[in-house]
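Whatever order the structure lists ligands and atoms in, that order sets their numbers, starting from 1. Note: hydrogens, waters and symmetry copies are ignored here, and every other heavy atom, side chains too, is used.
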Amino acid sequence: MSMYSEQSAVTVLGLGPMGRSLAGAFLDAGLRTTVWNRTPGRDHELVDRGALGARSVEEAVSASALIVVCVVDYDASDAILRPEGVTAALTGRTVVNLTADTPGRARDTAEWAATHGIRYLDGAIMTPTPTIGTPAAVFIHSGPEELYREHQSLLDALGGTHTHLGAEIGRAAAYDIALLDIFWTAMAGYAHALAVARAEGITARELAPFAKGIGAILPPIFEGAAEEMDRGSFSGEGNPITSAVSSMAHIVHTSEAHGIDAGVMRAAEGMARRAIGRGHGADGFTRIAEVLGRR
Ligand code: NDP
C-alpha cells in the first residue's frame, strides 16, 4: 500500500516547459506527483526524480484528488479532459486549470465541470518557469473560496505568492488577459525600439541601460493612472495627450524613414488622436482607457 494518501497527491497534466516546472516543484515539496503528457517521453527527467509516469489520462487522474492542468490553451485542455472516460474518472475530484486562455473559456469549463460533478478552480501563472518553486513565482486563482482553501496547502508547494481573486471563475483569466496586454504591448514596443535603434546605428547593448530606465518610470505612472481611472478624472498637467501624440508621430516618421513597419505606434497614435478629437487633448494619457471603454 502507498504511504501517501490521495489527499497529499497531485497529478499534473501537460508537460511543456511550465507543466514540467510545476511537477518539479511538487516533487521538491515531497508530494506524490503523477504526470502525463500527450506526446510520450516528456516525463523522463521527472520520473528519474520520483514522479509516477501515467500511461493514460484516466490513470493519471485516478491517482490524485487534485489535478493540475497546464497546456497551451483550452482547446488542448478540453481535448484532454472531455473524453467520456476521463470525465468519469474526474467526478468528485478537483481540477485546477493553470492553462492561459480567455475568461469565457474558464466560465465554459466551469459549467462543464459542474454538469459532471467535477470540482473546478481556474488560475493563471504570471511569472516564467525559473520562478516556479521559488518566492518569485506569482499565481492567481478564482473559483469557490472553500474549494480553494481546501487545496491551498498543496498549491503553496509551487512557491511564491498565491492570490485568490474571488468566486467568479473567469476572474483569474480576466486579470491574466489585462496583465498580458501590458506585457505583450510593451514587448512589441521594445522589439520595435531595438529595430529603430539598430537602423540608427545603436546596438541593443548600448540602449539597454536607458531602456531599463524607461521600464523603471512606469510603476509610479501605473499607480497614478489607477487613481485617475477609478476617479474618472485625467490630469494632463505636465504631459497632455496633445504633447504625447507629437512624440508618437516622431517615432512613426523615424521608423518609416528606415522602411520599418510602424503599425503598432500608428495604432497607438490613432487612439490618442481619437481622444483629442473628442475634446480631451488637454487630459493625461490615461483618458484613452476611458475613451476606449465607451460603448
Ligand atoms: P505551451 O504553451 O507550448 O504548452 C505545451 C503543452 O501543451 C504540452 O504539454 C503540449 O503537449 C500541450 N498541448 C498542446 N496542444 C495539445 C493538444 N491538442 N492536446 C493535448 N495537449 C496539448 O508551453 P508551456 O508549458 O510553457 O505553457 C503552458 C501554459 O502555461 C500556457 O497556457 C502558457 O501561457 C502558460 N504560461 C507559461 C509560461 C512560461 O514561461 N512558459 C509563463 C506563464 C504562463 P505535447 O508535448 O504533446 O505537444
Are any of the side-chain nitrogens in Glu168 or Arg107 under 4.0 Å away from the carboxylate oxygens of its partner?
yes
Judged by heavy atoms only, the candidate from Met126, Arg38, Arg20 nearest atom 17 (C) of ligand 1 is Arg38
Starting from atom 10 (C) of ligand 1, find the nearest protein heavy-atom neighbour and note its residue, name and distance.
Asn37 OD1, 4.2 Å
Atom 31 (C) of ligand 1 touched by protein (heavy atom, under 4.0 Å):
yes
With heavy atoms under 4.0 Å as the rule, classify the contact between Arg42 and ligand 1 as side chain, backbone, both or neither.
side chain
Closer than 4.0 angstrom, basic N to acidic O: yes or no for Glu269 and Arg274?
no
Please compare Asp73, Thr39, Ile132 and report which has the shortest non-hydrogen distance to atom 45 (P) of ligand 1.
Thr39
When you check the side-chain N and O atoms of Arg171 and Ser142, is any donor under 3.5 Å from an acceptor?
no
Please work out, at 4.0 Å between heavy atoms, whether the side chain, the backbone, both, or neither of Ile80 comes within that distance of ligand 1.
side chain
Mind running side-chain contact (heavy atoms from CB on, under 4.5 Å) on Arg149 and Gln152 for me, showing each step along the way?
CA-CA 5 Å; Arg149 298 288 161 223; Gln152 195 173 4; 3.1 Å; yes
Of all the non-hydrogen atoms in the protein, which one sits nearest to atom 38 (C) of ligand 1, and at what distance?
Met18 CE, 3.5 Å
Ligand 1 and Leu98, any nitrogen or oxygen pair closer than 3.5 angstrom?
no
Please check whether Ala100 reaches ligand 1 - meaning an N/O of the residue sits under 3.5 Å from an N/O of the ligand, judged on distance alone.
yes
Is the closest N or O pair between Thr99 and ligand 1 shorter than 3.5 Å?
no
Could you go through Tyr74 and Asn97, starting from their C-alpha distance and side-chain angles, then the distance that decides it, and tell me whether this counts as side-chain contact (heavy atoms from CB on, under 4.5 Å)?
CA-CA 9 Å; Tyr74 276 54; Asn97 203 337; 3.5 Å; yes
Can you confirm whether the side chains of Glu84 and Thr87 place a donor and an acceptor under 3.5 Å from each other?
no
State the atoms of ligand 1, each with its element, that fall below the 4.0 Å cut-off from a heavy-atom position in Thr127.
42 (C), 43 (C)
For atom 5 (C) of ligand 1, grab the closest protein heavy atom and report residue, atom and distance to one decimal in Å.
Gly16 CA, 4.1 Å
Assess whether a salt bridge exists between Asp75 and Arg82, defined as any Lys/Arg side-chain N lying under 4.0 Å from an Asp/Glu carboxylate O.
no
For atom 12 (C) of ligand 1, which of Asp78, Asp176, Val71 has the closest heavy atom?
Val71
Any donor-acceptor pair under 3.5 Å linking the side chain of His162 with the backbone of Gly159?
yes
State whether the side chain of Arg20 and the backbone N or O of Leu15 hold a donor-acceptor pair below 3.5 Å, judged by distance alone.
yes
For atom 44 (C) of ligand 1, what's the nearest protein heavy atom and its distance?
Ile125 O, 3.5 Å
Ion pair check, Asp78 and Arg105, cut-off under 4.0 Å
yes
Specify the protein heavy atom at minimum distance from atom 22 (C) of ligand 1: its residue, its atom name, and the distance to 0.1 Å.
Ala76 CB, 3.7 Å
Is it the case that ligand 1 has an N or O less than 3.5 angstrom from some N or O of Val72?
yes
What about Pro17: any of its N or O atoms under 3.5 Å from an N or O on ligand 1?
yes
